[in-house]
Amino acid sequence: MFFKSKIEKNLISLSEYFKDDFKIGTAISPWTLKYNKIEKALVEKHFNEIVADNCTKPMYIYKDENTIDFSTADKLIKFAQEKNKKLRWHTFVWHNQMPKWIYYKDAECKELATKEMLEQRIKKYIQAVMEHTKGIVPSYDVVNEVISDKTFTLRTEEDHSLWQKIMGPDYVEKVFTWAHEANPEAELVINDYNIETIPGKREGMYNFVKDLLSKNIPVSAIGLQMHISVENPPVSRIEETIQMFAELGLKVLVTEMDVSVYEDEKEERKEYTPELLEKQAQRYKELFECFKRCAKKGWLTDVVLWGTQDHLSWKNNFPVKERTDIPLLFDKDGKAKPAFHKIVGLK
Ligand code: GLA
């Protein structure tokens, strides 16, 4: 009998299973810690790394020019410290979930800020976060999603980013440099999606990072978000991608993994048949075998999933509103899915 309030105690812990390969993490929120006893217990048992799904994004911390408020983020910091989990900080610079005022001169957000203003604001923010988390947080996403899906070069206003427009094309160099100055020990990550999926975007990112490294910009790792599906991309392309960036001298982290059962937005809601769950399990198994090979070669250090229980995944409403999905390792009752059993070599 499976009790709803309890998790399966007899399963091997994922972090135990992969302890000689890589850290294994998941995204959580302070809400989980307070209200979702099942997910909290799963995180405690199976993961040795966590990342905030939202509360360490600037819009939740940088309330206004003079207010940097860590009170919510501190709940996760406390949990990570108490439970001895590695905490990744996500993220400093992004085109989403930033406080709107940061880009503007005036409270009405009519006139864009000057280059100096935005530089001073983001530098102050990076310094404050580093000051607050130094020695506790080992790894930071310094920039998130800066490469465009359309041009495969630095995102511009057409791709909803004001960073380049206001600060100029070297803004990524500047923020990495400030992050390093504020916390020289930290792992500094450039994080993005579809790098493992779209060869053109991968090439764009590769050239971009190569250029940063040739200028001695302190980028230590690339984060591959890995929001992928049961069909795509092929494991061989993922492995090739990890190798390419590792050979540039970077560490590689999988930072936001989920495996959707849909290919695109046109697909109707599927029945979650045993065959579909088995197909997903087989896919997870092949991916984790690839991750193990990459870890053994010293290329890959972390595999972080974007959530724990299917019903709480962001994929339930994205990219299609009200279409559910089941991209993770545990179901809504906290029961391990076939994918879990497959990656730990049980069934
Ligand atoms: C992106 C971001 C994450 C998160 C996910 C979806 O990949 O990097 O912070 O918002 O989308 O939830």
Side-chain angles (χ1 to χ4, degrees), residues 25-32 36 39 43 47 49-62 72-73 76 80 87-100 102 125 129 137 139-150 154-155 159-161 163 172 175 179 187-198 201-202 205 219 221-229 232-233 238 241 252-262 264-265 302-330:
T26 188
I28 65 167
S29 67
W31 181 90
T32 299
N36 187 344
E39 195 163 80
V43 176
F47 299 96
E49 175 166 14
I50 57 168
V51 62
D53 62 352
N54 280 304
C55 74
T56 58
K57 292 172 179 169
M59 71 179 277
Y60 301 106
I61 295 177
Y62 209 177
T72 307
L76 283 197
L87 173 63
R88 296 200 64 251
W89 195 267
H90 172 74
T91 175
F92 288 136
V93 166
W94 192 17
H95 59 282
N96 282 324
Q97 294 184 283
M98 296 299 299
K100 195 171 176 200
I102 202 170
Y125 180 69
V129 173
V137 172
S139 179
Y140 299 79
D141 289 338
V142 177
V143 298
N144 192 28
E145 305 180 349
V146 294
I147 299 295
S148 157
D149 269 356
K150 297 184 198 121
L154 208 53
R155 224 176 242 278
D159 292 304
H160 319 288
S161 174
W163 287 97
V172 175
V175 291
E187 175 177 81
L188 303 180
V189 183
I190 182 164
N191 195 46
D192 216 321
Y193 63 94
N194 277 347
I195 302 298
E196 65 287 336
T197 307
I198 304 176
K201 186 165 181 182
R202 177 171 77 181
M205 175 59 97
V219 183
I222 180 158
L224 304 174
Q225 290 188 0
M226 204 76 62
H227 296 295
I228 59 175
S229 82
N232 264 311
I238 293 175
T241 307
V252 183
L253 291 79
V254 169
T255 50
E256 305 186 15
M257 181 180 187
D258 38 35
V259 181
S260 171
V261 295
Y262 300 99
D264 55 45
E265 37 283 34
D302 304 55
V303 177
V304 180
L305 289 136
W306 202 253
T308 305
Q309 293 180 270
D310 277 341
H311 69 301
L312 299 174
S313 164
W314 71 300
K315 297 298 278 183
N316 284 300
N317 272 307
F318 185 87
V320 181
K321 267 216 167 344
E322 283 159 30
R323 185 178 74 181
T324 63
D325 202 343
I326 48 163
L328 299 168
L329 295 176
F330 297 90

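Note that ligands are numbered from 1 as they come in the structure, with each ligand's atoms numbered from 1 the same way. Keep in mind that what you see is a predicted model, and the values were worked out from it rather than measured.
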Has ligand 1 got any nitrogen or oxygen that is less than 3.5 angstrom from a nitrogen or oxygen of His90?
yes

What atoms in ligand 1 come closer than 4.0 Å to a heavy atom of Glu145?
1 (C), 2 (C), 7 (O), 8 (O)

Note the single closest protein heavy atom to atom 11 (O) of ligand 1, along with its residue, its atom name and the distance in Å.
Glu256 OE1, 3.9 Å

Protein contact of atom 10 (O) of ligand 1 - nearest heavy atom, named by residue and atom, plus distance
Lys57 NZ, 3.1 Å

Would you say Trp314 and Asp258 are linked by a side-chain donor-acceptor pair, where the criterion is simply a distance under 3.5 Å?
yes

Mind checking whether Trp306 and His227 have parallel, tilted or perpendicular rings, split at 30° and 60°?
perpendicular

At less than 4.0 angstrom from any non-hydrogen atom of Asn144, what atoms of ligand 1 do you find?
2 (C), 8 (O)

Any residue meeting side chain to side chain donor-acceptor pair (under 3.5 Å) with Asn54, in chain and number order, not counting sequence neighbours
Lys57, Gln97

Closest heavy-atom pair and its distance - His160, His95
O-CB, 3.3 Å

Only one of Val143, Val175, Val142 passes side-chain contact (heavy atoms from CB on, under 4.5 Å) with Leu188; say which it is.
Val142

Taking both backbone and side-chain atoms of Gln225, is any N or O found less than 3.5 Å from an N or O belonging to ligand 1?
yes

Numbered atoms of ligand 1 (with element) below 4.0 Å of His227, judged on heavy atoms
7 (O)

Salt-bridge test for Lys201 and Asp192: reply yes if a basic N is under 4.0 Å from a carboxylate O, no otherwise.
yes

Can you tell which part of Asn96 has a heavy atom less than 4.0 Å from ligand 1: side chain, backbone, both or neither?
neither

Is it true that the side chains of Asn96 and Glu145 contain a donor and an acceptor less than 3.5 Å apart?
no

As a check for students: among Tyr193, Trp314, Trp306, identify the option with a heavy atom nearest to atom 4 (C) of ligand 1.
Trp306

